[in-house]
J.: 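I have a structure I would like to understand better, so I am pasting it below and will then ask my questions one at a time.
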Amino acid sequence: MAEVDIRDEMVVRAPISTVWQAIKNPAVHAAWHPFVTSISGEHEQGAVRRCVIRIGKKDGHTEERCSACEHESRILWRIDRDSTGFSGMVSDWTAGFLLKPEASNETLVTATSVFRPRRWFVRLMLPFVRRKFHQTQIAILTGLKEHVEGRGDH
């Protein structure tokens, strides 16, 4: 089935190096991410990380491999396992961030999720799936923005 690519953007008022460090450092990343309570592992090309997550009132986990890590440019993870069951309904699922410098002290951050539906019913549910992914990515970008710009409670 065709690849689904879901992207959301937000401008963060901070230099790209500051935004990169908030994403790249696993402990800092877990502190601002609204759905991650802890991360074990490194954010380096090829490294495996395990995330403990909380979505609504449900606790879970993911196991992800860093599939791209370009300094102050992009970092992507391939989600190999997740307790929500979504990884069983899709293949080639990757998620992460793209960074681009904007004005002198601003960074355009793109949250991206890409996957291929494995099951026909996922294709039927795509409008709902897209909406949920957009909501999730906007919440993640907002958490990053508030943390980096100093307005977060983390």
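Just so you know, residue 1 is the first one in the sequence shown, and it goes up from there.
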J.: Report yes if the side chains of V4 and L126 come closer than 4.5 Å at any heavy-atom pair, otherwise no.
T.: yes
J.: Show the nearest heavy-atom pair for residues W20 and R74, with the distance to one decimal.
T.: CH2-O, 3.6 Å
J.: Examine distances only and state if a side-chain atom of K145 and a backbone atom of V11 form a donor-acceptor pair shorter than 3.5 Å.
T.: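 Judged by distance alone, yes, a pair lies under 3.5 Å.
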J.: Are F115 and F133, when compared by the centres of their aromatic rings, separated by less than 6.0 Å?
T.: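 Under 6.0 Å, so yes.
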J.: Looking at A22, is its backbone amide N or carbonyl O close enough to the side chain of W32 to form a donor-acceptor pair, meaning the two atoms are under 3.5 Å apart?
T.: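 At least one qualifying donor-acceptor pair exists.
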J.: For a quick check under 3.5 Å, do Q137 and S113 share a side-chain donor-acceptor pair by atom type?
T.: yes
J.: Around atom CZ of R81, are there more than 12 heavy atoms of other residues, nucleotides or ligands at under 6.0 Å?
T.: no
J.: Considering only heavy atoms from C-beta outward, does the side chain of R118 approach that of W93 to under 4.5 Å?
T.: no
J.: In Å and rounded to the nearest 0.5 Å, what is the OG1 to CD distance from T112 to E9?
T.: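 One finds 10.5 Å between OG1 of T112 and CD of E9.
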J.: For the residue pair V109 and L98, establish whether any side-chain heavy-atom pair is separated by less than 4.5 Å.
T.: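 They are not in contact (no side-chain heavy atoms under 4.5 Å apart), so the answer is no.
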J.: Can you find a heavy atom in the side chain of I53 that is under 4.5 Å from one in the side chain of H61?
T.: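 A side-chain contact is absent here, since even the closest heavy-atom pair is not under 4.5 Å.
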J.: L141 and D8: side chain to side chain contact (heavy atoms under 4.5 Å, CB included), yes or no, with the steps?
T.: CA-CA 8 Å; L141 289 168; D8 292 285; 4.0 Å; yes
J.: To the nearest 0.5 angstrom, please state how far the CZ atom of R130 sits from the CE atom of M125.
T.: 13.0 Å
J.: For V148 versus A14, what's the shortest heavy-atom pair and its separation?
T.: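 Nearest pair, atom of V148 first, then A14: CG1-CB, 3.3 Å.
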J.: Quick check for you: to the nearest 0.5 Å, what is the distance between C66 atom SG and L76 atom CG?
T.: 7.5 Å
J.: Can you find a heavy atom in the side chain of R78 that is under 4.5 Å from one in the side chain of D80?
T.: yes
J.: Can you give the donor-acceptor pairs under 3.5 Å from side chains of residues 34-50 to other protein atoms, not counting sequence neighbours?
T.:
{"unit_1": "T37", "atom_1": "OG1", "unit_2": "V52", "atom_2": "O", "d": "3.2"}
{"unit_1": "H43", "atom_1": "ND1", "unit_2": "I23", "atom_2": "O", "d": "3.2"}
{"unit_1": "H43", "atom_1": "ND1", "unit_2": "K24", "atom_2": "O", "d": "3.0"}
{"unit_1": "H43", "atom_1": "NE2", "unit_2": "R49", "atom_2": "NH1", "d": "2.8"}
{"unit_1": "E44", "atom_1": "OE2", "unit_2": "K24", "atom_2": "NZ", "d": "2.7"}
{"unit_1": "Q45", "atom_1": "OE1", "unit_2": "C69", "atom_2": "N", "d": "3.1"}
{"unit_1": "Q45", "atom_1": "NE2", "unit_2": "S67", "atom_2": "O", "d": "3.0"}
{"unit_1": "R49", "atom_1": "NE", "unit_2": "E64", "atom_2": "OE1", "d": "2.7"}
{"unit_1": "R49", "atom_1": "NH2", "unit_2": "E64", "atom_2": "OE1", "d": "2.7"}
{"unit_1": "R50", "atom_1": "NE", "unit_2": "E63", "atom_2": "OE1", "d": "3.4"}

J.: What are the two closest non-hydrogen atoms of L124 and P127, and how far apart are they?
T.: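 Smallest heavy-atom distance, with atoms named: O-CD, 3.7 Å.
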